[in-house]
2 protein chains.
Amino acid sequence: MKILLVEDETRLAEAIAASLTKKGIAVDHTALLGDAIELAQQQTYDAIVLDRRLPDGDGITFIPWLRSSSVVTPVIVLTARNEPKERVAGLDLGADDYLGKPFLMEELFARLRAVMRRPSALAEPSIVLGRMTVDPIRMDVMVGELQLDLPRRELMVLVTLAKRKGKTVLRSVLETEIYNYEETIQSNALDAHVSRLRKRLADADAGVSIHNIRGVGYLLKEH
Amino acid sequence: MKILLVEDETRLAEAIAASLTKKGIAVDHTALLGDAIELAQQQTYDAIVLDRRLPDGDGITFIPWLRSSSVVTPVIVLTARNEPKERVAGLDLGADDYLGKPFLMEELFARLRAVMRRPSALAEPSIVLGRMTVDPIRMDVMVGELQLDLPRRELMVLVTLAKRKGKTVLRSVLETEIYNYEETIQSNALDAHVSRLRKRLADADAGVSIHNIRGVGYLLKEH
DNA sequence: CGACGACCATTGCGACAGGATTACGGCGTG
DNA sequence: CACGCCGTAATCCTGTCGCAATGGTCGTCG
């Protein structure tokens, strides 16, 4: 689960990034429209949070550009004032939701969840596998009746694998899903997370196992 | 499945070659336009990845040369900057796609797949044979509902045979499809792969078998 | 028809790459 | 300050590969 945050107010951006990160959602952040366009070309996000006022233009111009590249990623637009006029303009241009500043983090989460749950979004609700249930939107995991608390990174690994259950997920995909572009990884951190995650899943008797496809990636299966 | 990579930045070239090789795609690599022309004459590739900036000229001049030799192999052009002007120039000259550096490997794979899927491309999507389905673009194999994980070389053998299902594939063709020009083979490594592949196909009950035509090559059939 | 030679199938071996595991230290949090 | 998480790196372990030896199969030619 990864979102793109386009916001030039540093304090706000950091607050949003910190909150989302804590919930196990990776955040790529930029203050510039130009960079946002580049990032969106390079990878796919589960959602985009977009400020209107940006140093190099009105954020809203980003949306037609996205849509014309047939990117269907949901977009939530942030704006200083919540004027109905602006709201209509945003939605007309293809934004999926609209949020006036200031707002509560909880409200942003709620709208992100709502927007990613939409049929056009990629994420499906609640994946069941073995004794385990993964909710990729709420980012939580149940084993039987008990909630399984996982460290952030391990949770991200598990959710990413669960979303493609039974299919091989490329190493590189896992890495880009779990780390943002400024956290470059220079070791086998991913392997370490997988290893620790395996142990936890075994201890919890989750009824699933993580297989490795040598030289390619990992895959999650019932066992 | 084999592509020609024309790129003079050693690090980048190595990264691309490594990633593609991992996916079971053979890579011939050269840094010079001159060599590229020679290689393209000698054998056919499924796709060509071409840098513009090369020590002995603008890579893009390669494309008209190719086309005038009525080679329809899809070409993806790499360039340092993603300027629309350059993009148009490239596409006008017959490039099939265009990718600005830096880029994610994932993106290159995606574009390669897309470009090879095109009607002009040689590769057809999904070959069904017995209980087995081979996707030559994604380089994966399903038997029934299960994905069959094969070692890299065996996978290459199988895909090559599947693409000419029912027809005899010359030994020499298999060898050039599976090994690049710097990996020369001096033994019966190919036979060994066929042997191990047969065992795996039997174990998985794939409903196919690999026959040998003495002194000529191999062929894949339903049984 | 039988024997020889060419070709193929199979399998064990050693080298090697890549993954798995774990200890360690830094860091943030409560 | 204690605890847990995370990235790193060292070490161990496993799968894959090329290779070669062995034994089998087929065609050919005397």
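These numbers were taken from a predicted model, which means no experiment stands behind them. Convention: sequence-line order gives letters A, B, ...; per-chain numbering from 1.
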(request) Figure out the CD1/C1' separation between B:Ile185 and D:dC19, and round it to whole Å. (result) 10 Å
(request) To the nearest 0.5 Å, tell me how far A:Glu175 CD sits from A:Thr160 OG1. (result) 12.0 Å
(request) Please determine which of A:Val49, A:Asp46, A:Asp96, A:Ile137 meets the side chain to side chain contact (heavy atoms under 4.5 Å, CB included) test together with A:Val115. (result) A:Asp96
(request) Kindly compute the distance separating CG (A:Asp97) from CG (A:Leu78), expressed to the nearest 0.5 Å. (result) 10.0 Å
(message) Using a strict heavy-atom distance below 4.0 Å, which residues from residues 188-201 of chain B are in contact with DNA chain C?
(response) B:Asn188, B:Asp191, B:Ala192, B:Ser195, B:Arg196, B:Arg198
(request) Drop me the distance from A:Tyr179's OH to A:Leu174's CG, to the nearest 0.5 angstrom. (result) 10.0 Å
(request) Give a yes/no on whether any side-chain N or O of B:Arg171 is located under 4.0 angstrom from OP1 or OP2 of C:dC7. (result) no
(request) Rounded off to whole Å, could you give me the CD1-to-P distance for the A:Ile178 and D:dC5 pair? (result) 16 Å
(message) I need the NZ-C1' distance between A:Lys22 and C:dG28, as an integer number of Å.
(response) 11 Å
(request) For the side chain of B:Asn212, starting at C-beta, report the closest nucleotide among D:dC17, D:dC6, C:dA9. (result) C:dA9
(message) Just the rounded figure in Å: distance from P of D:dG18 to CD of B:Glu175.
(response) 11 Å
(request) Indicate yes or no for a side-chain donor-acceptor contact from A:Asp56 to the backbone of A:Leu33 under 3.5 Å, with no hydrogens or angles considered. (result) yes
(request) Starting at atom CG of A:Leu158, determine the distance to atom C1' of D:dC5, rounded to an integer number of angstrom. (result) 17 Å
(message) In this structure, how many angstroms lie between the C1' atom of C:dT21 and the CD1 atom of A:Ile210, rounded?
(response) 14 Å
(message) Going by side chain to side chain donor-acceptor pair (under 3.5 Å), A:Glu154 matches just one of A:Arg200, A:Lys199, A:His193. Which one?
(response) A:Arg200
(message) The side chain of A:Tyr218 is closest to which nucleotide in this list: D:dC19, C:dG19, C:dC8?
(response) C:dG19
(request) Could you run through nucleotides 25-30 of chain D and give me one letter per nucleotide, 5' to 3': B if any protein heavy atom sits under 4.0 Å from the base, S if only the sugar-phosphate is that close, - if neither? (result) BB----
(request) Examine D:dC5: is either OP1 or OP2 under 4.0 Å from a nitrogen or oxygen in the side chain of A:Arg153? Give yes or no. (result) no
(message) I need the OH-C1' distance between B:Tyr179 and D:dT16, as an integer number of Å.
(response) 11 Å
(message) What is the separation between atom CZ on A:Arg152 and atom P on C:dC27, rounded to the nearest whole Å?
(response) 16 Å
(request) Could you tell me whether A:Asp191 and A:Arg198 have a side-chain N and a carboxylate O separated by less than 4.0 Å? (result) no
(request) State whether the side chain of A:Lys23 and the backbone N or O of A:Met139 hold a donor-acceptor pair below 3.5 Å, judged by distance alone. (result) no
(request) Taking side chain to side chain contact (heavy atoms under 4.5 Å, CB included) as the test, write out the residues that go with A:Ile213, two or more places apart. (result) A:Thr168, A:Val216, B:Asp149
